[in-house]
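Have a look at the structure below before the remarks.
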Amino acid sequence: MNCSQITRKFSAYMDDELDAATSHLIKEHLEGCPECLEFLHGFREVDNLVHGLPKIDPSGDFASRVVSAAIRASDVSSGAGVPFASRLKRAVMRVSEAIFSLFEPGAGPYTRTLDEFNDCPPLSLSFIYFTLLEQAN
Amino acid sequence: MVDPDSALIDAIGRGDHEAFESLVKRYQCPLLNFIARTIGDRSMAEDITQEVLLRIYRAAPRFQAKTKVSTWIFHIAYNQALTEIGRRKKRRNLWQALCRSREEAPEELLADPLEPYEQTEEIMAVLGCLPENQKAALLLRINENLSYREIADILEVSVQSVESLLFRARTSLRRQLKKK
């Protein structure tokens, strides 16, 4: 093997991924070839620099956050502790609240007043909601 | 040889939260470092690490011991890192397209998000320039001391490709560091 073929094997040589015969061949070559030896030192230096990079530590509560998230996720998927009807009702309520909060008077500069929705068709969801809202007020 | 993490994964699959906590504590540092260096962004790395660990939690009941647990875990981490890199590239391309006609583009949005998190560190800067597969192969070999077979399973390439990736990565780094 010439120098070019030898250097191409350096990664595997350093990482002990070569068979014994090839490894021995490279070892012998290195004893008589300062250029290849220099090349190999360059590789070792790269490894040392990468290995010596400062380690990054996770934030202190990382493990507990991940475990809590996993427990929450498994509770949600199994529906543990909360009956289906309650979860469905809660989800419907949340969606309704989100939609109708857009029309709440005085909630912000971009909301619209209730008067604009006076012409809702009878028995529509909006009509029922506004009627209930009026009664509540 | 028996994989020491197999019992943990079995227990997690049965819903054992303490086993999951042990796994999180064992892998949080290696995963965080691997992801941070692969995507070149420390700030996002913790979120991605959490996502990887939650994926492991969800997938544990379906884990088949064809590979080592650590190989499987790093495979998930590598895929998540690639997804994040792809997302960033898309976002960057979109902003470049949007800002092409503008005289002044918002610098913080056009800044290369793939740049390493600490520009001053030469080695990080040079590492950040490597293609993702070379970088991942190098980090898995040097920091995790994984065999070529394990790295090949994680990156879904052949063992010969791993040898080639590592050779090219080390050659590039050696050349770049010599220049500095």
Counting only non-hydrogen atoms closer than 4.5 Å, does [X] touch chain A with its backbone (N, CA, C, O), its side chain (CB onward), both, or neither?
X	value
B:Arg170	both
B:Leu139	side chain
B:Tyr57	side chain
B:Leu23	neither

Can you measure from [atom1] ([X]) to [atom2] ([Y]) and round to the nearest 0.5 angstrom?
X	Y	atom1	atom2	result
B:Leu138	A:Asp47	CG	CG	6.5 Å
B:Glu21	A:Ile71	CD	CD1	8.0 Å
A:Glu45	B:Leu173	CD	CG	11.0 Å

Would you say [X] and [Y] make side-chain contact, with heavy atoms under 4.5 Å?
X	Y	value
A:Val66	B:Gln28	no
B:Thr171	A:Phe10	no
A:Phe39	B:Arg174	yes
A:Pro58	B:Thr49	no
B:Asn33	A:Leu53	no
B:Glu163	A:Lys9	yes

Crowded around A:Arg8 CZ? As in, over 12 foreign heavy atoms under 6.0 Å? no

Enclosure of A:Gln5 CD (heavy-atom neighbours >12, cutoff 6.0 Å): yes

Identify the two heavy atoms, one from [X] and one from [Y], that lie closest to each other, and give their separation to 0.1 Å.
X	Y	answer
B:Tyr148	A:Asp15	OH-OD2, 2.5 Å
A:Ile56	B:Cys29	O-SG, 4.4 Å
A:Val67	B:His17	CG1-O, 4.4 Å
A:Lys55	B:Asn143	NZ-OD1, 4.3 Å
B:Leu53	A:Phe62	CD1-CE2, 3.8 Å

Hey, mind stepping through A:Glu17 and B:Ser147 against side chain to side chain donor-acceptor pair (under 3.5 Å) and telling me if it holds? CA-CA 8 Å; A:Glu17 292 274 347; B:Ser147 70; 4.8 Å; no

Of the backbone (N, CA, C, O) and the side chain (C-beta and beyond), which part of A:Ser59 lies under 4.5 Å from a heavy atom of chain B, both, or neither? both

